[in-house]
Each structure stands twice: as C-alpha cells, then as structure tokens.
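Each remark here refers to the structure printed beneath this line.
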Amino acid sequence: MSAKQDQCHNFRSSQKLFLYGVSTFGAMLIFFNTPTITQASETESMVSENVNDNISHNNSDLVSQASDDSSNKETNETATDNSISSDNQINAYHATTQPTARETLQPMAKAAVKAVETTIGNSVEDTQTYQEIQRTNDKMRNTQVNVDQAYFGLAGDKVIDQQLNNLGATTAADLNDDGYLIKSGVVNNKKTLVVQGKDSTGLFYAINHLNNLIDKKTDLANLSISEAPQMSIRGVIEGFYGEPWSQQARKDLFKFMGNHKMNVYIYSPKDDDYLRKNWKELYPQDKLDQIKDLIAAAKRNHVQFVYTLSPGNDITYSSQADFDKTVAKLNQLKSIGVTQFYIALDDIPLGMTAADSAIFKNHPTTNYPNNPWSGLADAQAFYVNKVQKEYIKKNKLPDLWLVPTNYNGSKQDPFKEAQGEALDKDIRLQWTGEGVFSGDISDESVEQAKKTYHTDHIFIWDNFPVNDSDQDRLYLNPLKGRSKNLYQIMDGFTSNPMVQSYASWIGLSGYGDYMWNADTYSPEVNLQETIRELAGDDSKAITALQQFVDLNQYWDYATESNKVHAPILSSFINNFEQAEYGTPAYQTAKQNLLDRLQIIVELPTTLKNMQTTGFYNDSLPWINAASHWGKAMIDSVNLLDAINSNQTDNLSKDFNTLNEEIELANVKALPDNRTGKPDLVITPSVGDGVFQTFTQKANQAVNGYLNIKALPITATQITSEASTDIPQNGTYSAANMNDNDLNTKFWSNRSLKRGDTITVDLKESQTIQRINLHQGLSDDVTSGDIFKTATIYAGDEADGSDKTVIGEVKPTGNYQLDLNKPIKARYIFIIATSPSDNWLQVRNIAVFGKTGLNIENVKSSDSAKAMFDGTVQTAYTGKLLDNQTSGVIEQSFTATSAKSVYLSGKVNGTVYARLDGKWQELGHVNKEQSLNNFNVNGVSIDGIKLLIDSKSEDFVINEFGI
C-alpha cells in the first residue's frame with residue numbers, strides 16, 4: 001500500500017468510527033425534509049429503500065460528517081443547505097459489520113414533479129460529496145431530466161459496479177487517477193444513470209460534468225462518457241514577483257480550477273516575506289490562519305495545496321541551525337494541513353557562505369574534469385536531500401518537489417550535471433523549458449532535459465501567461481506550442497499566471513483542457529468556451545469580451561507561427577484597406593469597421609455586465625485604454641475618408657480628437673506591482689500594435705496633406721569616450737558605446753541598480769546641445785534591457801562634484817535629448833534612478849554641439865525632436881514657466897527655398913519665418929485650428945519661430961516646419 005493509500009485508509013477507518021458515534025439528533029438535523037435519497041445495501045438483491053423527511057432515528061451511520069466541514073465555510077460562498085426537498089429519492093449506504101436499521105417512509109406527493117430515485121454508494125464517505133450529490137439531485141428534479149434512477153459512487157463499490165455491469169459498461173477502476181464515468185441506459189425498464197469516479201476527485205469532476213450537461217438541457221437518457229486525465233499534475237504556481245494575490249482571488253481560483261479539472265496549486269508568491277525574505281521566521285498566527293483558510297478552500301475544490309519554501313538568498317546549506325529552521329517552518333505548515341512541500345532555489349545569488357565554501361569544494365564530474373559549479377551544486381543537493389530524507393521520508397509525506405537554480409535549457413552543462421549526480425532520485429524537479437519563457441516545448445527537449453538533469457521525475461513550470469516583467473501587458477491568448485505527446489514522458493505542468501488573477505483564467509483554462517487531454521485540446525475552441533464562461537449569458541457582453549480578448553493576443557515569446565496581432569480587428573481593417581475607395585464594397589467595409597470600433601469604444605460599459613466581475617476589475621485599465629484607441633481609430637477613419645474625398649473642412653477637428661484620444665489611451669494607469677507603491681506609472685498596452693499602425697497611417701495621410709518633411713537641421717558630433725561602473729557581460733565593453741556602430745553594444749552582466757552610472761568624457765569643455773542614446777535591442781523598444789528611469793547630468797569635474805541636471809532618460813530604444821540652449825561641459829553622466837530586473841544594453845551614445853534650437857520660458861519633458869522630425873505622429877507638450885510672459889520656440893537650419901510654413905498642434909501664438917535674413921510675421925494660430933499652413937515670399941528661409949501667447953495653458957505641437 002502506498003503512503004497515499006495508507007493515509008486514505010486511515011482516514012476512512014477513523015471516519016467510520018466517528019460515524020458510529022454520531023447522535024440520532026445530528027442525523028435528523030442533516031436529513032430533515034429529505035427526499036427519497038436512499039442508502040443502498042450490499043445485499044444480493046441490491047434493494048433500494050426509500051427514506052423521507054421522517055428518516056429512521058437508527059440510521060445514524062448516514063451522517064458521514066455532521067459538522068466536520070462547518071468551520072471552514074466561507075462567508076462569501078453560497079451557504080450549503082443540508083436538507084433535501086422531498087421530491088426525489090436518494091438512497092445512501094455505508095457498509096458496516098452490523099445490519100443497518102432502516103424504515104421506509106413515502107415522500108409527500110407532488111403531482112407535477114417527477115422523482116428520480118438516487119442511490120449513493122457506501123464509498124462516498126465525506127459530507128461535501130454527499131451534499132454535492134444532493135444539490136445535483138435537486139437540479140435533476142427541478143429540470144425534470146429524462147432519468148428514473150441515478151447511482152453515484154466510486155470504483156470498487158459493488159452496487160455502483162453492478163449497475164454499470166447492467167448497462168454493459170466497465171467500471172472506472174482501470175482509468176487514470178481522477179478519472180470518471182457517466183453512463184446511462186435502461187435497466188429493468190427504468191432509465192438509469194450511473195456516475196462513478198475512479199476516486200473522490202474523479203467523482204467530484206463527474207458531478208461537475210453532469211451538472212454542466214443538465215444546465216445545457218442535455219438529454220441524459222443515453223450517455224456514455226469516460227474521462228481521465230493524461231497528466232497527473234495539472235496546476236498553477238503563484239510564482240510571480242510583486243504584490244501577491246488576494247485571499248478571495250485565490251479562493252475563486254480554486255473553484256475555477258475544480259471546474260476545469262486542475263488539481264495542484266503551488267503557493268510560491270515571491271513577495272511573501274515568510275516564504276523567501278524571512279523564511280527562517282515562523283508565520284504569525286494571523287498569517288498562518290490565512291494559509292489554513294486557503295488549504296481548506298483548496299480541499300473543497302479537490303486542489304492540492306503545495307507550500308514553497310525559498311531559502312536560497314541567505315542559507316548556509318551545511319548548517320544544522322538552518323536545517324532546524326527549515327524543519328520548524330515545515331512543521332508549522334504541516335500542522336495546518338500541508339502535506340506536499342516544495343523547495344525553490346530559483347533566482348538566488350550564485351555563491352556560498354564561507355562555511356559552505358570550506359566544505360563543498362569543486363570536483364570533477366562525468367563530463368567536466370574541472371567542474372566550476374560542482375561545489376554549489378553539491379551544497380544545494382546536500383540540503384535538499386537532507387530535507388527529503390530526514391523530514392519528508394521520516395514523516396511519510398509525498399516526495400519533495402524542487403525548482404533548481406539552473407532551471408531552464410536542456411543542454412548539458414556543469415551545474416546540472418553535478419547537481420543531477422548528487423540529488424536524491426525521488427525528488428521531483430521543475431523546469432521551465434528551453435528558455436525562462438518557452439514559446440514551444442517539444443518531446444525531444446523534455447527527453448534531453450531528463451538526461452541532463454539525471455531525473456525521471458520532471459514537470460514543467462511554464463512561464464505563461466505571467467506578466468510581472470511586462471506589466472503593461474495582458475496575455476489573453478490561448479495556450480499553444482506544447483507537444484501533444486508530453487504526457488507520455490513527463491508528469492505535468494504548473495502555469496505561472498499573471499499579476500491579474502482573474503484575467504489569468506483564460507490562459508489557465510487552456511492548461512486545464514490541454515493537461516486533461518492534449519489530443520482533444522483545441523486552443524481556439526477552448527478560448528471561445530472560456531470567454532462565454534467568463535462573460536455569462538449576456539450576448540453583448542460575450543461579443544464585447546471576444547473583441548477585448550482579441551486585442552491582447554500577442555505574446556513576445558511565442559513561435560513565429562503563433563504570433564498574432566488582434567486577428568478579429570485586423571480582418572475588419574484589412575477589408576477596409578483593400579476595398580477601392582468610393583465603391584459599394586468600400587462603404588460596406590468602412591461601416592463594418594466602424595461598427596466593430598464602436599464595440600471597442602463601448603467596452604467599459606458593456607463589460608460591466610459580464611459574469612466574472614473580477615476579470616472586469618483586473619482588466620479595467622486596458623479596457624479603458626482600448627476604448628480610447630477605438631475612438632482614435634474612428635477619427636482616423638474619418639480623417640482618411642476626408643482626405644481621400646478632399647472634404648477637409650473638419651480635418652482639424654478630427655485631427656484634434658484623434659490626438660486627444662491617443663493621449664488618453666497612453667495615460668499612465670497602472671502602478672508598478674513590484675514596488676507596492678500606488679503611484680500610476682505604467683501605460684496599459686492593448687491592441688498588439690494594430691491601433692498604432694492604423695492611426696499612424698492616418699497621421700501619414702495628414703503628413704501628405706500638409707506636405708510635411710523633416711527640417712534640415714545639422715549638428716557636429718563631438719568626439720567622446722565612454723566608461724561605466726556597471727560590470728560588463730563577456731566582451732561587450734563600454735568602448736562599444738561610442739563607436740557610432742549600432743551593431744555593437746555594451747551589455748551588463750547583471751540587472752541595473754539605482755546609482756549605476758555611465759560617464760561620457762568629451763576630453764575638454766565643449767559646447768553641447770544634443771545627446772542621442774540608443775539602448776536596448778532596437779530603437780523601437782520601450783522595455784527590456786534599457787534604463788527604466790535615469791537622469792542625465794553635465795559638469796566639468798570628473799568626480800561629478802559640479803554636475804547639474806540637464807535631462808531625464810525616457811524608456812525608449814532611441815532617446816534624444818535636445819537642450820533648450822547650448823551649454824558647456826566636459827563630462828556627461830547618465831545615472832540610473834531606479835533599479836531594473838533587466839540587464840542594460842547600450843548600442844551607442846553620441847554628443848553633439850549647437851543644433852540651432854532656442855527655447856525660452858517653456859518647460860517640457862519631451863524632446864524638441866518631436867516638433868521637427870517630419871511627422872505629426874509625435875508631439876511636444878509644454879507649458880509656460882511664467883504665464884505673464886510669452887514663450888519662444890525657435891529653430892534655425894540650413895538655408896533653403898520654401899513656399900510655405902506649417903504648424904500642426906494645439907497652441908495659441910504667432911508664427912514667424914526668417915526670410916532672406918529677416919524675421920517676418922506669417923500669422924496667428926489657435927488651439928481650435930490644429931492644422932495651419934502659411935504661404936511665404938522670399939528667396940531663402942533659414943529659421944522659423946513661434947511666439948506663444950502669454951497666459952497660455954498647456955500646449956501641444958505635433959510638427960513645425962517648412
């Protein structure tokens with residue numbers, strides 16, 4: 001008998017002893033007003049006898065647990081009604097060594113209600129399952145299902161097995177654990193339904209399945225359902241960084257998991273201080289009670305609660321004192337019901353204490369004669385093995401689970417080999433795939449990983465749909481890229497979900513279906529079913545949710561074939577763009593697109609009616625942003641239509657509203673979850689680039705309408721030399737930062753820290769006005785290996801003692817700082833003002849002299865580049881420092897011939913041009929007229945100027961040029 005079976009046997013034996021002692025009064029309380037629910041007797045005749053609300057006082061053995069779960073009921077959950085209405089018959093039995101006294105009483109007659117005689121096998125020994133069957137029985141009665149008699153129980157139950165035999169069906173005994181059967185047919189002229197689980201979890205799933213069939217009004221008279229999971233571990237790991245989920249969110253997750261046949265929850269929030277930072281400390285009682293509460297909620301939904309301890313940041317692996325602290329912590333959790341433990345050694349320092357270093361020396365391993373990681377690998381294996389042998393085995397608990405420090409990639413390497421050779425073979429190992437984020441996971445990859453890690457017990461920590469490193473995103477795409485055959489070679493998955501717990505349900509639902517049966521899993525079908533589950537019965541909410549989910553389909557790490565960009569919306573856009581302007585097909589495509597955009601505009605209102613309000617609340621920042629983007633796209637359609645038809649009277653109005661909506665869509669609406677601060681610092685990213693691409697086309701049409709070109713501004717680059725106190729990765733040295741080659745780079749070998757500094761030496765004090773910083777992987781990125789926030793200083797002293805602030809780095813791949821006026825300095829310092837989880841890549845830093853720009857009495861955090869870059873898509877937003885005085889924006893450039901000066905934006909002021917060396921006034925602009933074009937008369941023009949009216953409020957300039 002396995003440890004698990006032994007525990008189950010002991011539980012049931014104790015339970016039956018308890019049953020014999022339950023008072024008759026307790027039985028009467030639970031079964032008061034009971035319908036014909038009968039306890040079957042294991043006799044040769046398999047006689048079912050009726051029991052009604054005057055149930056026999058001698059039938060106290062029916063009270064399987066009169067109150068064992070009552071203390072765990074949640075105030076937020078629907079109260080359980082222990083009584084059963086008197087319309088259906090339920091037969092229940094528990095086999096005993098003594099005959100059970102029963103008496104038969106007829107239920108009260110109700111003429112129009114059909115009774116279903118329901119028999120509960122003696123294998124059902126817990127109150128929760130009994131009550132679930134009661135509720136199902138009531139549902140069958142209320143919906144008048146096409147069934148005369150129903151049987152519920154576990155494999156091996158003689159009465160239930162006999163009924164399956166009567167139907168010509170095999171039992172659930174040969175199914176995988178958690179499997180079940182639902183069979184129906186005619187037995188002795190009665191329409192008979194049999195529901196059997198391989199085990200209690202299987203029966204739980206079967207009852208849920210049956211309830212779903214009843215809800216869908218499925219005919220139950222001829223069913224033949226046999227279900228069993230392919231994977232034994234079907235789970236969720238709350239393993240992200242940042243503020244952990246709420247207690248209620250976890251409880252709701254457990255219910256969702258139970259409905260989707262997922263059976264494991266790993267409690268591993270990185271920001272639970274008692275799990276990681278202060279792992280040696282015991283939980284205070286209030287926090288321990290919260291975990292106990294979660295364990296009970298998980299159990300009710302047949303979800304195994306797994307507790308993680310993450311000691312790697314400050315442990316001495318060889319220390320008996322630290323081992324004793326481990327034991328004390330695990331004992332505390334075991335005392336409240338945890339039986340499965342997990343050690344997490346991920347994302348920790350790659351070093352040892354002096355005490356460990358003295359004991360665990362590097363040594364040769366099979367393929368590495370000079371294995372540099374064998375000491376650390378041995379130290380960790382020593383500790384984990386000791387936990388396994390001296391705690392887990394000693395307490396007869398299931399084998400330990402472990403995520404190692406080197407947790408991804410299948411190729412052979414020194415650490416994996418050394419630890420694999422030393423680790424207890426019974427320990428179950430977690431692995432993230434070929435990468436930390438894996439776009440696909442193949443059979444070959446898993447087989448190789450098992451060899452590399454020296455283990456037959458591997459399961460996957462899948463970092464999807466987690467977004468703690470991309471907090472601006474929701475990942476609502478379905479699970480893809482996992483081989484259908486993985487169940488044959490490994491134990492299962494745990495999905496690492498998003499910071500937004502309810503929004504994670506879409507991805508988690510895919511895991512549930514895939515892990516249960518990869519052969520029948522369809523990502524698209526699962527996605528649509530989950531959308532309907534979350535939305536509820538409101539058809540408008542379903543359509544709205546389908547469209548919102550469509551706007552969040554792109555996952556950076558997916559394989560190319562699985563990367564999509566808002567496919568539903570894109571199809572409407574493609575039809576619009578491919579139709580010939582002015583044709584009936586164009587008008588139809590245009591109206592269809594506008595109708596679809598209107599659905600997006602109304603998302604904040606429509607989705608309020610969705611059934612899962614937690615999803616709505618989680619997603620609201622993205623829902624609001626999508627609504628503003630929808631409005632911006634409607635304005636874009638109107639702009640394109642107006643320009644194509646040459647009906648431009650309302651062009652300025654549409655352009656204004658387009659930019660206003662884009663500005664609202666880009667509002668910072670999210671806090672940084674990893675800091676715990678409530679400040680809104682992150683802009684939700686929604687639409688997978690489709691909104692930006694379409695509105696860019698509208699802006700390009702405006703560029704063409706105004707004949708906009710970038711100003712011919714020239715500036716001389718200053719020779720410089722860059723250095724940094726940030727350690728470099730390999731050969732990616734600081735010298736690459738100013739070689740004017742974007743294909744080379746400096747790359748750090750760690751995450752950025754506050755205070756990390758790049759210094760640019762200009763060799764002597766120079767006049768400077770522009771700094772160009774290319775960072776990250778490309779000019780287009782807005783996250784990743786870039787400065788999260790940084791301040792730019794200038795000074796003449798190498799130690800920075802006289803430095804002054806001249807700018808703030810924006811989180812973009814190509815950042816350009818244009819100073820309002822030239823300054824003199826020898827040194828430029830770029831200093832990180834916040835830490836980052838990413839390493840830093842700098843492809844080039846260039847410093848330039850005078851640019852011809854002169855800005856007075858204006859404050860802005862934007863680069864002046866946006867005003868002169870040849871497109872209305874970018875914008876410079878500013879305000880007057882002193883609103884009693886005019887502001888000046890002046891740009892000189894190489895003399896050229898031009899016929900007009902244009903200004904696009906919302907600003908009150910007067911426009912000038914320097915023609916043939918003299919300033920000439922061209923006209924006035926105001927916020928109501930955002931697209932302005934002035935004719936000029938002169939041989940050459942080498943400057944433009946805007947005199948901003950005093951008392952002006954904030955202003956926006958999209959483009960200013962000739």
Side-chain angles (χ1 to χ4, degrees), residues 2 176-177 229-235 237 239 263-264 266 268 306 308 340-346 364-368 371 373-374 376-378 380-385 387-389 392-393 398-464 479 481-496 511 514-519 557 559:
S2 68
N176 290 343
D177 288 352
Q230 292 177 335
M231 294 185 180
S232 59
I233 295 176
R234 307 179 303 280
I237 179 166
N263 64 346
V264 168
I266 301 177
S268 189
V306 182
T308 302
Q340 180 67 65
F341 290 103
Y342 184 112
I343 299 294
L345 297 177
D346 57 319
T365 56
T366 302
N367 294 291
Y368 298 93
N371 192 320
W373 292 105
S374 54
L376 176 60
D378 285 351
Q380 292 183 350
F382 172 83
Y383 168 75
V384 175
N385 288 347
V387 173
Q388 167 79 350
K389 180 181 179 181
I392 299 298
K393 295 288 189 184
D399 289 321
L400 190 66
W401 293 0
L402 169 71
V403 60
T405 300
N406 194 350
Y407 52 74
N408 69 282
S410 65
K411 291 182 180 179
Q412 179 178 286
D413 72 27
F415 184 92
K416 293 171 185 171
E417 178 170 283
Q419 192 161 86
E421 290 179 353
L423 206 61
D424 185 313
K425 300 306 178 188
D426 288 333
I427 293 172
R428 187 168 288 185
L429 206 68
Q430 264 211 300
W431 176 70
T432 63
E434 293 297 346
V436 177
F437 304 88
S438 296
D440 63 351
I441 299 176
S442 68
D443 303 350
E444 296 77 14
S445 181
V446 172
E447 292 283 21
Q448 182 59 44
K450 289 164 68 175
K451 294 176 183 177
T452 299
Y453 284 95
H454 294 259
T455 182
D456 290 326
H457 300 290
I458 198 166
F459 67 116
I460 295 173
W461 173 324
D462 209 347
N463 277 317
F464 173 79
L479 176 69
R482 278 76 183 121
S483 166
K484 288 183 177 294
N485 301 316
L486 292 181
Y487 71 91
Q488 299 173 1
I489 56 177
M490 41 80 75
D491 297 328
F493 282 72
T494 59
S495 163
N496 192 13
Y511 279 99
Y514 164 76
M515 293 184 293
W516 185 263
N517 193 325
D519 296 320
Y557 304 97
T559 59

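The first residue of the sequence shown is numbered 1, and numbering continues consecutively from there. Because the structure is a prediction, the values reported are computed rather than measured.
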Quiz item: Do the rings of Y511 and F464 sit parallel, tilted or perpendicular, given the 30° and 60° boundaries?
Solution: tilted
Quiz item: Using the ring of each side chain (for Trp, its six-membered ring), is F415 parallel, tilted or perpendicular to W373, with breaks at 30° and 60°?
Solution: perpendicular
Looking only at atom types and distance, does a side-chain atom of [X] sit under 3.5 Å from a main-chain N or O of [Y], one as donor and one as acceptor?
X: S442; Y: S445; value: yes
X: K484; Y: A518; value: yes
X: R482; Y: L479; value: no
X: S232; Y: D177; value: no
X: N385; Y: A422; value: yes
X: W461; Y: F493; value: no
X: E417; Y: N367; value: yes
X: S374; Y: N371; value: yes

Quiz prompt | side-chain contact (heavy atoms from CB on, under 4.5 Å), paired with W431, selected from D462, T455, I460, V403 | solution = I460
Practice problem: Give me the one residue out of L402, L400, T308 that meets side-chain contact (heavy atoms from CB on, under 4.5 Å) with F341. | Solution: L400
Exercise. Using the test side-chain hydrogen bond (donor to acceptor under 3.5 Å, both in side chains), find all partners of E421 that sit at least two apart in sequence or belong to another chain.
Key: T366
Self-check item: Which residues share a side chain to side chain contact (heavy atoms under 4.5 Å, CB included) with D440, sequence neighbours left out
Solution: T559
Exercise. Kindly write out the residues that satisfy side chain to side chain contact (heavy atoms under 4.5 Å, CB included) with T452, not counting sequence neighbours, or none if the list is empty.
Key: K416, Q448
Quiz item: Are K425 and D456 ion-paired here, with the side-chain N under 4.0 Å from a carboxylate O?
Solution: no
